[in-house]
Amino acid sequence: MSRRRDERGSAVVEFSWLAILLMVPLVYMMLGVFDVQRASYGATAATRAAGRAFVIVPDGVSEEEARARAFDAAQLAMKDQGMELGSDELTISCDPVCLQPGSTVTVTLETKVRLPLIPDALGGEPPAIRISASHTESFGNYRQAKGDG
């Protein structure tokens with residue numbers, strides 16, 4: 001007489017292992033996507049805030065102070081998203097001259113977002129996704145020239 005092996009309860013065990021094997025990569029991928037989306041939104045908000053802060057400086061403010069105000073505005077926008085902004089990540093360029101009627105200001109931000117949960121102990125440069133954003137503001141044709149120009 002042959003004995004049948006009882007397999008009751010094995011479906012729950014198989015489902016649990018399969019769920020773990022599928023859910024861990026899915027959760028990791030979602031964490032990465034959320035970090036990239038957060039950085040992308042922060043970069044867009046930072047360039048817009050910096051452009052506006054650069055253009056609306058009060059009379060008598062120098063171009064250097066306008067750049068400092070723009071950087072502070074961008075830094076605050078990135079901090080709202082839980083990110084730090086390095087001074088080398090933000091560039092401000094004017095065409096043809098800064099703070100003059102009819103000119104435009106272009107703010108560009110380029111940063112990297114590290115993939116989550118990857119330790120530095122692995123050596124080399126940690127894997128990251130590059131994020132860039134750009135915003136152009138017009139100084140306006142009918143405004144008074146400001147700064148040292």
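Excluded from the calculations below are hydrogen atoms, water molecules and symmetry mates; all remaining heavy atoms, backbone and side chain alike, are included.
One hydrophobic cluster holds both Val36 and Ile118 under the rule that ILVMFWY side chains link at heavy-atom gaps under 4.5 Å. Residues Phe34 and Val24 fall into different hydrophobic clusters, defined by Ile, Leu, Val, Met, Phe, Trp and Tyr side chains chained together at heavy-atom separations under 4.5 Å.
A salt bridge is defined here as a Lys NZ or Arg NE, NH1 or NH2 lying under 4.0 Å from an Asp or Glu carboxylate O, and Lys112 with Glu125 meets this definition.
Contact of the Leu90 side chain with the Val107 side chain is registered, since non-hydrogen atoms from C-beta on lie closer than 4.5 Å. At a threshold of 4.5 Å between non-hydrogen side-chain atoms, the residues Met23 and Leu26 count as touching. Annotation: side chain of Glu65 is not in contact with side chain of Pro58 (no heavy-atom distance under 4.5 Å). Counting only heavy atoms from C-beta outward, the side chains of Thr106 and His135 never approach each other to under 4.5 Å.
If you take CD on Gln37 and CD1 on Ile131, they are separated by 8.5 Å, rounding to the nearest 0.5 Å. In this structure, the separation between CG on Leu85 and CG on Leu109 is 5.5 Å, given to the nearest 0.5 Å. Interatomic distance, Arg52 CZ to Thr47 OG1, rounded to the nearest 0.5 Å: 10.0 Å. In this structure, the separation between CG on Leu31 and OH on Tyr28 is 8.5 Å, given to the nearest 0.5 Å. Separation of atoms CG (Leu99) and OG (Ser62) is listed at 8.5 Å; rounding is to 0.5 Å. With values rounded to the nearest 0.5 angstrom, Ile129 atom CD1 is found 5.0 Å from Leu115 atom CG.
Here the closest non-hydrogen pair linking Ala50 and Ala74 is CB-CB, 4.0 Å. Nearest heavy-atom pair, Ala43 versus Met78, reported as atom, atom and distance to 0.1 Å: N-SD, 3.6 Å. When all heavy atoms are compared, the tightest approach of Phe54 to Arg67 is CE1-CG, 3.6 Å. The heavy-atom pair separating Ala53 from Ala70 by the smallest distance is CB-CA, 4.0 Å. Looking at every heavy atom in both residues, Ala66 comes nearest to Val61 through N-CG1, 4.0 Å.
Using modelled atom types, one side-chain atom of Thr44 and one backbone atom of Ser40 make a donor-acceptor pair closer than 3.5 Å. Between the Ser103 side chain and the Val97 main chain, a donor and an acceptor come within less than 3.5 Å of each other. Side-chain atoms of Arg38 come within 3.5 Å of backbone atoms of Gln81 as a donor-acceptor pair (strictly under, hydrogens ignored).
Among Glu89, Glu84, Arg130, the single residue meeting the side-chain hydrogen bond (donor to acceptor under 3.5 Å, both in side chains) criterion with Thr111 is Glu89.
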